[in-house]
Number of protein chains: 2
Amino acid sequence: MLIGEIAQRTGTTTKTLRFYEDAKLLPAPQRTPAGYRDYSPDVVDRIAFIHDAQKAGFTLRQVGQILDIRDGGESPCVHVGHLVHQRLEEVEQRITELEHTRDRLAALARRTRELDPADCGGYCTIIEAT
Amino acid sequence: MLIGEIAQRTGTTTKTLRFYEDAKLLPAPQRTPAGYRDYSPDVVDRIAFIHDAQKAGFTLRQVGQILDIRDGGESPCVHVGHLVHQRLEEVEQRITELEHTRDRLAALARRTRELDPADCGGYCTIIEAT
DNA sequence: TCGTTCGTTCCAGTAAACTGGAAGGTTCAG
DNA sequence: CTGAACCTTCCAGTTTACTGGAACGAACGA
């Protein structure tokens, strides 16, 4: 299968697939006599896995680590377990931060409705002193 | 005041302050005969405002826009009101996305505890089929 | 005078995940 | 034979907010 077909089947672009190869997420495939990449259908699953892992919030670097472990013949599950916990903590922390930001913004929005723009002194009374 | 003192008073670095100047967030200050930046104490407030706006989740670009309006003599509050609403929506959407990711991860973590690593088939049964 | 610490400029790099474009080769239909 | 639709490589840019480093000048205390 040529790169275009793989791209279509996996819902990506040829650019991205070459990028993944560059980033060692995909092995360098066979080449046709013309020099075109000639993929085994297996890579479709591999790319699907990459997408799954991305949806779970892993970076490509982490996905690469998991894939490396698997390619080495080991079961990556223990490592994945660590990553899941790490990532879960990061996500929870980030949610907390964002909720904080949201509360700040909601307060600003309230002030915006109450304030006469003409009263805006200093840099901006909406934002200041928050 | 020299750049180091400003940095210390505002809790930043000299690097960052030069970067802000480059990014048009701070006006180019006077120079001493030796070519050192010689700031008016006013910039301390300006930098504090930048920090406030960042805490509310605005990008430096947006802060720059607000500052530009103010520097032009207009009251930026109307514009700020728009930005606040925009940003509030973005933040809420992002929180929703992250909560989704968190739920996925929590499910993965549960699976991790239940699964025997030896059963890991395919790419990784923890992540797959999520 | 020496050393330290402050300041200056400019260039380059970081993370993340691509994306765009140039300049060219290949394959196939009409 | 021509044109399109595919493929190739390589280089550079996108976004955000800085950060690091080189190579240098200035101010000041001992």
Side-chain angles (χ1 to χ4, degrees), chain A residues 1-26 28-39 43 46-67 83 86-87 90-91 94 97-98 101, chain B residues 1-26 28-39 43 46-67 83 86-87 90-91 94 97-98 101:
Chain A
M1 293 160 83
L2 298 187
I3 197 170
E5 195 179 345
I6 300 283
Q8 216 174 357
R9 288 206 190 198
T10 56
T12 4
T13 64
T14 58
K15 280 280 189 192
T16 301
L17 292 177
R18 288 191 203 99
F19 169 76
Y20 281 175
E21 184 177 327
D22 227 54
K24 315 279 183 197
L25 294 171
L26 297 179
Q30 305 275 116
R31 297 286 181 139
T32 67
Y36 290 7
R37 284 173 180 79
D38 189 14
Y39 290 95
V43 294
R46 195 180 175 96
I47 294 159
F49 173 75
I50 294 171
H51 289 339
D52 283 345
Q54 276 192 298
K55 272 183 216 141
F58 292 105
T59 65
L60 289 188
R61 176 193 282 263
Q62 287 172 324
V63 180
Q65 285 169 10
I66 297 169
L67 252 15
L83 286 177
Q86 250 181 47
R87 180 69 190 144
E90 281 167 24
V91 168
R94 185 75 187 125
E97 280 169 22
L98 280 178
T101 298
Chain B
M1 291 160 85
L2 296 188
I3 197 168
E5 193 180 346
I6 299 283
Q8 215 174 357
R9 288 206 190 197
T10 57
T12 6
T13 64
T14 58
K15 280 278 188 195
T16 301
L17 292 177
R18 289 191 203 98
F19 169 76
Y20 282 175
E21 183 177 327
D22 226 55
K24 314 282 182 195
L25 294 172
L26 297 179
Q30 304 276 114
R31 297 287 180 138
T32 67
Y36 289 8
R37 285 172 180 78
D38 189 14
Y39 290 94
V43 295
R46 195 180 175 98
I47 294 160
F49 173 75
I50 294 171
H51 290 338
D52 283 344
Q54 277 193 298
K55 272 183 218 142
F58 292 104
T59 65
L60 289 187
R61 177 194 283 263
Q62 288 171 323
V63 180
Q65 284 169 11
I66 296 169
L67 251 16
L83 288 178
Q86 252 181 45
R87 181 68 190 146
E90 282 168 24
V91 167
R94 186 73 187 127
E97 280 169 23
L98 280 178
T101 297

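So that the names make sense, note that chain A is the first sequence line, chain B the second, and so on, each numbered from 1. Because the structure is a prediction, the values reported are computed rather than measured.
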Ion pair check, A:Arg87 and A:Glu90, cut-off under 4.0 Å: yes
Interatomic distance, A:Arg94 CZ vs C:dA15 C1' [rounded to whole Å]: 15 Å
Separation of C:dT8 P from B:Leu17 CG (nearest whole Å): 10 Å
Distance in angstrom units between A:Phe19 CZ and C:dA16 P, rounded: 11 Å
Distance, rounded to the nearest Å, where A:Ile47 contributes CD1 and C:dC18 contributes P: 12 Å
Proximity to the side chain of B:Thr16 - top-ranked nucleotide from D:dC18, C:dA16, C:dT9: D:dC18
Separation of C:dT9 P from B:Asp22 CG (nearest whole Å): 10 Å
Non-hydrogen atoms of A:Tyr39 and A:Leu2 that approach each other most closely: CD1-C, 4.3 Å
Of the listed nucleotides C:dG25, C:dT27, C:dA17, the one nearest the side chain of A:Tyr36: C:dG25
Residue B:Leu60, side-chain heavy atoms: nucleotide from D:dA27, C:dA17, D:dC18 that is nearest: D:dC18
N or O in side chain of B:Arg37 less than 4.0 angstrom from C:dT8 OP1/OP2: yes
N-O pairing of B:Arg94 and B:Glu97 below 4.0 Å: yes
Residue mapping more 5' on DNA chain C - nearest nucleotide basis, A:Thr12 or B:Arg31: B:Arg31
Closest heavy-atom pair and its distance - A:Ala56, B:Thr101: O-CG2, 3.7 Å
Touch class at under 4.0 angstrom, heavy-atom based, for B:Gln62 against every strand present: nothing
Touch class at under 4.0 angstrom, heavy-atom based, for A:Thr13 against every strand present: sugar-phosphate
First encountered from the 5' end of DNA chain D, between B:Ala34 and B:Gln54: B:Gln54
Given C:dC18, C:dA15, C:dG20, the nucleotide with the shortest approach to the side chain of A:Lys15: C:dG20
Sugar-phosphate only, base, or nothing, as touched by B:Arg18 at under 4.0 Å among non-hydrogen atoms: base
Under-4.0 Å side-chain N/O to phosphate OP1/OP2 contact, A:Tyr20 with C:dA17: no
OP1 or OP2 of D:dC6 under 4.0 Å from side-chain N/O of A:Gln8: no
Integer-rounded Å distance: C:dA15 P and A:Arg61 CZ: 6 Å
Partner of B:Leu17 under side-chain contact (heavy atoms from CB on, under 4.5 Å), chosen from B:Val43, B:Asp22, B:Ile47: B:Ile47
Integer-rounded Å distance: C:dT8 C1' and B:Asp38 CG: 15 Å
Closest contact, heavy atoms only, B:Leu60 versus B:Leu25: O-CD2, 3.6 Å
Nucleotide of D:dG20, C:dG7, C:dT19 approaching B:Thr14 most closely (side-chain heavy atoms): C:dG7
Protein-nucleotide distance (A:Met1, atom CE; D:dC6, atom C1'), rounded to Å: 15 Å
